[in-house]
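Here's the structure we're looking at; comments come further down.
What you see is a predicted model, and the numbers here were worked out from it, not measured in a lab.
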Amino acid sequence: MNDIIHLLPENVANQIAAGEVIQRPASAVKELLENAVDAGATQIHLIVKDAGRTLIQVIDNGCGMSFADARMCFERHATSKIQNADDLFRLTTKGFRGEALASIAAIAHVELKTKRAEDTMGTLVCNEGSVIKEHSPIATADGTSFSVKNLFFNVPARRNFLKSDAVEFSHIEEEFYRVALIHTQIAFTLSHNGKTLFNLTASNFKQRIVNIFGNHLKDKLFPVEQSTDFGILGGFIAKPENAKKKKNEQYMFINNRYVRHNLLNYAIETAYKELIPDGYKPAYFIHLDIDPKTIDINISPTKVDVKLQDERLIFGFLNAAVKKSLGTMSLTPMLDFDYERGMDVSNLPDPGHIVAPTVNINPNYNPFNTPKKHDSFNAGTAHTKSELAGWEKFYGEFKAETIDLPSKLNQSDNTLDLNDTTEKVIPTHFFTLNNRYIVASHDSKLLLIDILGGRERILYQSYLEAMENKPVVVQQRLFPETLSLSTADAELLTELIPYLRSLGYDIEMMGGNQFAVNGSPSDIEDENMQNTIEAVLESYKSNIFLYHAEKTANLALSMAKKKASLYKPLTDDSEISAFIEQLFACPLFHLSPSGKQIIHYLSEEEIASFFK
Ligand code: ADP
Ligand code: MG
């Protein structure tokens, strides 16, 4: 019998290797981008057509290749990056296995144009399924351009496994982010089907994150910094309220390489544990620089999974750094509310005579010392002072320092004796300023009341009572309105239906994330129910992150915020005086339910001081 073992032809071996390295268009994108980075480029363009099925092109202004190297680079195990196995533990490059280009060329039509700065002519190489079709000098710009066309042309099974263009392109974008995020000194562009999606100029890390993921992250990023003998940690974590159900904003880089490491991810997520609901994922962008000797990158062909020598040490280090950063950011929740409301002062009269409120922040506030479950927004009614949650203590100081309430108000337990106070508190002279403020005189003092914040407080109080024991009357609608929500919002709304019922909303599930609103409260006209419910759910979600608020308090706050914005301006005196009366009847009437000061009080002396 004849011997039956033979060596596979080179092109077949390459195709088999390609199966590991190039699983989809995004894998080719990753390899080409990494080669461009390794080539020292300062400008990299990624051009994609049809989610990479017809074209993936990467153009760089890096070192380029010689005539011979331009052909050599397609050989398997051809690399300029390592000489021997020991070099694997001195890596400063992305590539080292010398198989990416051989793999890509085995399953696609590749056109390479490259030129070194020192050469007068460049080189063109065309490689189709591991067969060199062309190798000739051409005129071309310094740097390298790889065009990969007709990916998987000779591997129909692979082609059939590809998902829709949308899915494949999202994988490409993801690979682009992973390279572009950490190489902030390199300018990148990405275009798809002729449309430029990203044009990233060289910048710092924070700017790069924002340029990629959008401005909404700008004020939500907090720096993480720590350095020890074995490594330097840097980057940003996002505020808990930014947490999502998906993991898609989690980026960990070690020595400038995007890596996946479950334990390190866990170190970060557990630091957030008390601050975000189960199942939500915090956003983070962290880079760690460690001695290359202590990391093994060569455990999978795609070089994303890594093995760390000191993983326990790094776990503790990372966890502590993230906790420290979270502790610092907890000092700023109040500023968020201002930000959210937009601080629009454009239509105010000359603000010269308005005294800026003083804000006292409690520097000892620590979210990790706060009790987990509490009714965050309802301190005045159900809790004694000693039970106040951390954030209320935090606001407490603010209140004590900045507002001098009329002495006749019974403030001892934060509630008012209505019979005693209404006739004394209700000012006799008042008017509204730009529909934003009530200006009133009381006891030779001047009161300024923020109408929107006051409205929120009044509604909040009434919603709490409605959910406790005085449900709002439902007004049935002649024609039900249909709501169509995202899956996550539909889940949340389903949970809130019984509570919304006591607020006067008759909402019915119809399946497929659709709901019918059969009835609504008659308090104010609400023309866009979809918008209202979405806004309420949005605010509800961020309150979970910020305060772990109890359901009823959270819903009351969220609904109050939305509904307050729908009210028409106060017109006549009887409306204004009814408003003032209702407001002063609320516990904590001087704060909006989200903790913002809504009454400012000026004594005669203070007023006099303006005129000195
Ligand atoms: P590796 O990156 O692991 O070395 P590749 O197959 O990706 O293997 O690339 C082979 C070689 O081709 C690289 O080592 C490098 O010398 C050269 N090369 C690839 N892409 C570029 C590029 N964009 N600019 C200059 N040289 C490149
Ligand atoms: Mg490479």
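- Relative orientation of the Phe285 and Tyr251 rings is parallel, given thresholds of 30° and 60° on the angle between their planes.
- A distance-only check finds no donor-acceptor pair linking the side chain of Gln461 to the backbone of Arg457 [under 3.5 Å].
- Using a distance-only test at 3.5 Å, with no hydrogens or angles considered, a donor-acceptor pair links the side chain of Ser164 to the main chain of Val167.
- Side-chain polar atoms of Thr532 and Asp526 form a donor-acceptor pair below 3.5 angstrom.
- Counting all heavy atoms, side chain and backbone alike, Asp219 lies closest to Lys239 at O-CE, 3.7 Å.
- Glu249 places no side-chain N or O within donor-acceptor distance of the main-chain N or O of Pro282, the cut-off being under 3.5 Å.
- In the model, Gln250 has a side-chain atom that pairs as donor or acceptor with a side-chain atom of Glu269 under 3.5 Å.
- Of the possible donor and acceptor atoms, one in the side chain of Thr494 sits under 3.5 Å from a partner among the backbone N and O of Ala490.
- In this structure a side-chain-to-backbone donor-acceptor pair under 3.5 Å is present from Glu606 to Ser603.
- Side-chain contact of Ser558 with Asn554: a donor-acceptor pair under 3.5 Å is present, judged by distance alone.
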Evaluate the side chain to side chain donor-acceptor pair (under 3.5 Å) criterion for residues Thr487 and Asn513: first the C-alpha distance (whole Å), next the side-chain angles of each, then the deciding distance (0.1 Å), finally the verdict. CA-CA 6 Å; Thr487 308; Asn513 300 342; 3.1 Å; yes
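- Side-chain atoms of Asn319 and Thr270 include a donor-acceptor pair closer than 3.5 Å.
- Remark: Arg477 does not engage Asp506 in a salt bridge, criterion side-chain N to carboxylate O under 4.0 Å.
- Between the side chain of His192 and the backbone N or O of Ala51 there is at least one donor-acceptor pair closer than 3.5 Å.
- In the displayed structure, Lys206 atom NZ is contacted under 6.0 Å by more than 12 heavy atoms of other residues, nucleotides or ligands.
- Residues Glu465 and Asn469 bring no donor and acceptor atom of their side chains to less than 3.5 Å of each other.
- For Tyr463, there are no side-chain hydrogen bond (donor to acceptor under 3.5 Å, both in side chains) partners, not counting sequence neighbours.
- Judged by distance alone, the side chain of Asn193 and the main-chain N or O of Asp50 form a donor-acceptor pair under 3.5 Å.
- Of the possible donor and acceptor atoms, none in the side chain of Ser191 sits under 3.5 Å from a partner among the backbone N and O of Gly194.
- For Glu168 and Arg24, the salt-bridge test passes: some basic side-chain N is under 4.0 Å from an acidic carboxylate O.
- At least one donor-acceptor pair closer than 3.5 Å links the side chain of Arg208 to the backbone N or O of Ala180.
- Taking all atoms of both residues into account, the shortest heavy-atom contact from Glu534 to Ser484 is OE2-O, 4.1 Å.
- Dense packing is recorded around OH of Tyr567, with more than 12 heavy atoms of other residues, nucleotides or ligands lying under 6.0 Å away.
- A donor-acceptor pair under 3.5 Å is absent between the side-chain atoms of Asn215 and the main chain of Lys218, judged by distance alone.
- In this structure, Glu508 and Phe515 have side chains that are not in contact, with every pair of non-hydrogen atoms separated by 4.5 Å or more.
- The environment of CD in Glu604 is sparse: at most 12 heavy-atom neighbours from other residues, nucleotides or ligands sit within 6.0 Å.
- Shown here is Gln476, whose CD atom has more than 12 heavy atoms of other residues, nucleotides or ligands within 6.0 Å.
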